[in-house]
There are 2 protein chains.
Amino acid sequence: MLDPISRVRRFNRAVTSAVGALDTSFLGRGRPLGAARVLNAIGHGRSDVAEIRDYLGLDSGLMSRLLRSLEDEGLIETTAHEDDARRRVAKLTRAGRREFAAYEALSNTQAKGFLDRHAQADALLAAMDLIASALTRDRIALDAMDPRSDEARYCLGEYYAELGRRFKQGFDVSLSRDPDAVDMRRPRGTFIVAMSDALPLGCVGLKGTDHGYAEIKRLWVAPAARGLGLGRRLMEAAESAARELGIALLRLDTNSALPEAGQLYRRTGWSEIPRFNDDPYPDLFFEKRV
Amino acid sequence: MLDPISRVRRFNRAVTSAVGALDTSFLGRGRPLGAARVLNAIGHGRSDVAEIRDYLGLDSGLMSRLLRSLEDEGLIETTAHEDDARRRVAKLTRAGRREFAAYEALSNTQAKGFLDRHAQADALLAAMDLIASALTRDRIALDAMDPRSDEARYCLGEYYAELGRRFKQGFDVSLSRDPDAVDMRRPRGTFIVAMSDALPLGCVGLKGTDHGYAEIKRLWVAPAARGLGLGRRLMEAAESAARELGIALLRLDTNSALPEAGQLYRRTGWSEIPRFNDDPYPDLFFEKRV
DNA sequence: GCATATATCTGACTTTAGTCAGATATCTTG
DNA sequence: CAAGATATCTGACTAAAGTCAGATATATGC
């Protein structure tokens, strides 16, 4: 009915008024919004004054005065940065932590109230994840991580669950050649996770072998991050990690039930090769020289 | 990985900064945000000063000054309301329409830029619709409309498409007993559409018959509005319309492939009855005395 | 060691937003 | 028609946000 642009603008109107309501609830604590924002930035772990100023987009004069007013309230303390005495570092006092917790409670209550009013919270959360990822796509960081870390294991769990849904015969990881974690750690390989804030949105493993090539394994992009080019970014990161590790030849296997994966490989310089392992799941095999 | 509340708050952070960016782009036109908002409200058809004030939540003094500043710029003209000379009515001048169009272009460019950067715009739009509907649920209006109106036809088209997806054998409306539009118009019946802004989110038809009962037909809720209790609201509206029209007995048919519909009927006082028509699609029949 | 760059702070502003108490004109109700 | 209600406007404020030009202290590069 509505055209796409009108639908985006309907969304904009809806969230603008919701955001305004949260700001108003923050004012209820008797402090101007500017000071509240600085306090919350510090509470969320931003201690460096220059970083806070940059994050909130404040003028240095204004920032200085907001810090002073929070200090006068006894909510923060500032000290010189240990490596550079020009910079200042702010931290919450005990009273500041209490006040920060009160703001957190307001935010959490608002969030919970929104979820509680909705009968199908899963669909709502999935939609929120998708939009938040799209809006912050430029801030998605690709970090090398241990494949045994919580973030990596979360990604792998989601990846296996998705294979189970998409393969007609399901997916049992114990039947697949599960790569040893050590093969996906430096110096034999690596494991890369795409993180948006604290939310893992995708992963890829580079698994070293003793056969003169390394394998790309476990490429996964969260449903909330599809359409952002994250698969391509992860593959590029894996290939450049391979180059750094002195690996010249890469191979991977995949399944034709995952057409978007095959398409990505074909578009980015991979060539199809004959089967090179006896894993029961894959039916497509690729190779690329990097 | 993240808990639901953190996911909502991640979304809040993401949209807060996006909304801020749009506001900043509005400032680029050299006018304070307050005045820009009033101008845009007038451009979007709100002419009554009291209505604008209420919509934007402004103090009457502030509102008056903002109107004066727009008048001084030559962007609007105000006249007395024709029925009530205390009230004022604002409208754009030629220059005002030009300036309004410039703000519209900024909003549209922002919306389009966001969509264009995303490879799967359909999923993104569906997510935005869902969230916008959840945020504005209290402003969803149920309006009686002609079943031949654009809004009604849009709903029916979506409804048929969904039946086609959910019935194993598909759905061909020409095989079903398509109700005559006149039977879903007063005084024989009615057709109700749930509207959120200009987006239709659901519908229900009350179809008069000559057999001593009326039928509920075409109950549909858009995917973007599921979980908001809209199905129940639509049914209540249809039942109360029936009461108004002096109809005492209601019947409906549905299909067990739509379990959420059957559940809704059972929970709201409908009792299952034997088949009362020879439509090939339904396999469940209900009745309710209102 | 000195010139230059950087991070923060202070003082002196301006603009924007918002509040509140009347004033004025008009409408509604009895 | 009078009394009260309502819509807008004006004047006189305050608070918050933001700007900008130095001042001060510290770091960095030659």
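All heavy atoms count here, side chains included; hydrogens, waters and symmetry mates do not. Residue numbers begin at 1 in each chain, while the letters A, B, ... track the order of the sequences.
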Just the rounded figure in Å: distance from C1' of D:dC9 to CE of B:Met63.
12 Å

Over how many whole Å does the gap from B:Arg87 atom CZ to D:dA5 atom C1' extend?
13 Å

Member of B:His81, B:Arg87, B:Arg86 meeting the side chain to side chain donor-acceptor pair (under 3.5 Å) criterion with B:Asp84:
B:Arg86

Is the NZ or CZ atom of A:Arg46 positioned over A:Tyr55's six-membered ring, under 6.0 angstrom from the centre and within 45° of the axis?
yes

Which whole-number value in Å describes the distance from B:Arg37 CZ to C:dG18 P?
8 Å

I want to confirm an ordering. Mapping A:Ser60 and A:His81 to their closest nucleotides on DNA chain D, which one lands closer to the 5' end?
A:Ser60

Tell me: CG of A:Asp83 to P of C:dT6, nearest whole Å?
18 Å

For B:Arg88 and C:dA25, what is the distance between atoms CZ and P respectively, to the nearest whole Å?
13 Å

Looking just at side-chain N and O atoms, do B:Ser6 and B:Asp3 make a donor-acceptor pair shorter than 3.5 Å?
yes

Could you tell me how the ring of B:Phe11 sits relative to the ring of A:Phe11: parallel (under 30°), tilted (30 to 60°) or perpendicular (over 60°)?
perpendicular

How is B:Arg65 classified with respect to the nucleic acid when contacts are heavy atoms under 4.0 Å: base, sugar-phosphate, or nothing?
base

Atom pair distance, as rounded to whole Å: CG in B:Leu62 and P in D:dC13:
18 Å

Starting from the 5' end of DNA chain D, give me the residue, A:Asp59 or A:Ala85, whose nearest nucleotide shows up first.
A:Asp59

Integer-rounded Å distance: D:dA16 C1' and B:Leu33 CG:
15 Å

D:dT8 OP1/OP2 closer than 4.0 Å to side-chain N/O of B:Arg53:
yes

Integer-rounded Å distance: C:dC9 P and A:Ile52 CD1
11 Å

Across the strands shown, which category fits B:Asp84 at heavy-atom distances under 4.0 angstrom: base, sugar-phosphate, nothing?
sugar-phosphate

Donor-acceptor pair under 3.5 Å, A:Arg86 side chain vs C:dT8 base:
no

Close side-chain approach of A:Leu75 and A:Leu92, heavy atoms under 4.5 Å
no

